[in-house]
Amino acid sequence: MRTRASFLFIVLAALTLFLFMLDLSVGAVAVPLRDVWAALTGGDCPRTTVKIVLNIRLIKAVVALLAGAALSVSGLQMQTLFRNPLAGPYVLGISSGASLGVALFILGAPLFGLSASFASLGIAGAAWIGAAAVLIVIAAVGHRIKDIMVILILGMMFSSGVGAIVQILQYLSKEESLKAFVIWTMGSLGDVTLSQLYVLVPAVMIGLAVAVITIKPLNLLLFGEEYAVTMGLNIRSSRGLLFLSTTLLAGTATAFCGPIGFIGLAMPHVTRMLFDNSDHRILIPGTVLTGASVLLLCDLVSKLFTLPVNAITALLGIPVVVWVVLRNKSVTA
């Protein structure tokens, strides 16, 4: 089993690296892989190639890498915490909460005469608050009501409610703010600037570090909260860490890339299927690699066919969701 897992980690790491390099190579102007490598390592290549690779494509590829890992790990955490195979940042309304925070910032700030020019930290902070608010409400209801279907429906109701509030904000907002928000809702990996990357990278890395800390609690929660308590797990502090990690991961990815669906829901299942294992010591790093590689692949396809990345993630994620539903036959933990 360890040999198989080690082999899969090597294959996934190599695949992620290859897709990362290929993402830097593909675009309006094709760049040979050898020139991409030369640009990254300071080797001999045309100056124009260096500018294309380092100033334009590198930021986008890094965003795809981090956003894929962040959304996938947050989905894995939610599926384990709520013991629900269909849980995820998008389905549970966490991404919608982050979207509401961003909408309030982009659309609401100008209505009150506030400037939204400090977008990097402001958008991220608004998304974190929105995601955390939804998580807290869902967790509070989940603590009182153990029915998984109720939690799932609650998340969907949150998404609908958020959509209504956002529509009101769009109706009242100015043309410039409305255009910026509509573009954001389409989901994009290429709108992140270098200054925003300085916020995105630390936030995602902290979220992933907290996720690593929660590996033992997640493994205990696989057997239910009662068993976890008998094994000495502090449920309240563990939930707090999981909420912190998910807020940072899903909130940050949504803030800078828009609401990208299906990655957080589908990739944990793909990882479980590949490794045939439920141990989070294997699942978390495996999910990081599968999520990163798949979103890099989606970015490649979106560039080749000039399509929004959200459409590509949906086309890849829907078959996985259908497979999960058919396999479980009902939404059970």
4.5 Å side-chain heavy-atom contact, [X] and [Y]:
| X | Y | result |
| --- | --- | --- |
| Arg272 | Asn277 | no |
| Thr252 | Thr247 | no |
| Val212 | Leu208 | no |
| Phe243 | Leu81 | yes |
| Val309 | Leu295 | yes |
| Thr214 | Ser238 | no |
| His280 | Leu222 | yes |
| Leu194 | Tyr198 | yes |

If hydrophobic clusters are built by linking Ile, Leu, Val, Met, Phe, Trp and Tyr wherever their side-chain heavy atoms come under 4.5 Å apart, do [X] and [Y] end up in the same one?
| X | Y | result |
| --- | --- | --- |
| Leu274 | Val11 | no |
| Ile129 | Leu248 | no |
| Leu200 | Ile56 | no |
| Met231 | Leu218 | yes |
| Leu315 | Leu265 | no |

Quick one about Thr271 and Thr290 (side-chain donor to acceptor, distance below 3.5 Å, no hydrogens or angles considered), yes or no?
yes
Using the rule given for side-chain contact (heavy atoms from CB on, under 4.5 Å), can you reason through Val134 versus Ser96, listing the C-alpha separation, both sets of side-chain angles and the distance that settles it, and then say yes or no?
CA-CA 8 Å; Val134 172; Ser96 296; over 6 Å; no
Minimum heavy-atom distance [X]-[Y], with the two atoms named:
| X | Y | result |
| --- | --- | --- |
| Thr254 | Ser99 | CG2-OG, 3.9 Å |
| Ser74 | Ala250 | OG-CB, 4.0 Å |
| Ile263 | Ser72 | CG2-OG, 3.4 Å |
| Ala98 | Gly251 | CB-CA, 4.2 Å |
| Val62 | Phe20 | N-CE1, 3.9 Å |
| Leu300 | Asp23 | CD2-CA, 3.6 Å |

Measuring from atom [atom1] of [X] to atom [atom2] of [Y], what distance do you get when rounded to the nearest 0.5 angstrom?
| X | Y | atom1 | atom2 | result |
| --- | --- | --- | --- | --- |
| Ser25 | Arg34 | OG | CZ | 10.0 Å |
| Ser278 | Phe223 | OG | CZ | 6.5 Å |
| Ile284 | Ile215 | CD1 | CD1 | 4.5 Å |
| Gln196 | Cys257 | CD | SG | 9.5 Å |
| Leu24 | Trp37 | CG | CH2 | 11.5 Å |
| Thr287 | Gln77 | OG1 | CD | 9.5 Å |

Considering residues, nucleotides and ligands other than Asp44, do more than 12 of their heavy atoms fall under 6.0 Å from its CG?
no
Is atom CE of Met205 surrounded by more than 12 heavy atoms (other residues, nucleotides or ligands) closer than 6.0 Å?
no
Is the backbone of Phe262 close enough, under 3.5 Å, to the side chain of Thr313 for a donor and an acceptor to pair up by distance?
no
Given 3.5 Å as the limit, does a donor-acceptor pair link the side chain of Ser237 with the main chain of Asn234, or not?
yes
Whether [Y] and [X] form a salt bridge (side-chain N of Lys/Arg under 4.0 Å from carboxylate O of Asp/Glu) is what I want to check.
| X | Y | result |
| --- | --- | --- |
| Arg239 | Glu225 | yes |
| Arg4 | Asp276 | no |
| Asp299 | Lys60 | yes |

Taking the inter-plane angle between the rings of His269 and Trp323 on a 0 to 90° scale, is it parallel (under 30°), tilted (30 to 60°) or perpendicular (over 60°)?
perpendicular
side-chain contact (heavy atoms from CB on, under 4.5 Å), that's the test. Do Leu40 and Met21 meet it? Break it down for me.
CA-CA 10 Å; Leu40 293 174; Met21 296 293 290; 3.8 Å; yes
Stepwise side-chain contact (heavy atoms from CB on, under 4.5 Å) test for Leu233 and Leu221
CA-CA 9 Å; Leu233 180 68; Leu221 287 170; 4.2 Å; yes
Please test Lys216 against Arg281 for side-chain contact (heavy atoms from CB on, under 4.5 Å), starting from the C-alpha separation and ending with a verdict.
CA-CA 8 Å; Lys216 184 177 179 181; Arg281 291 176 297 179; over 6 Å; no
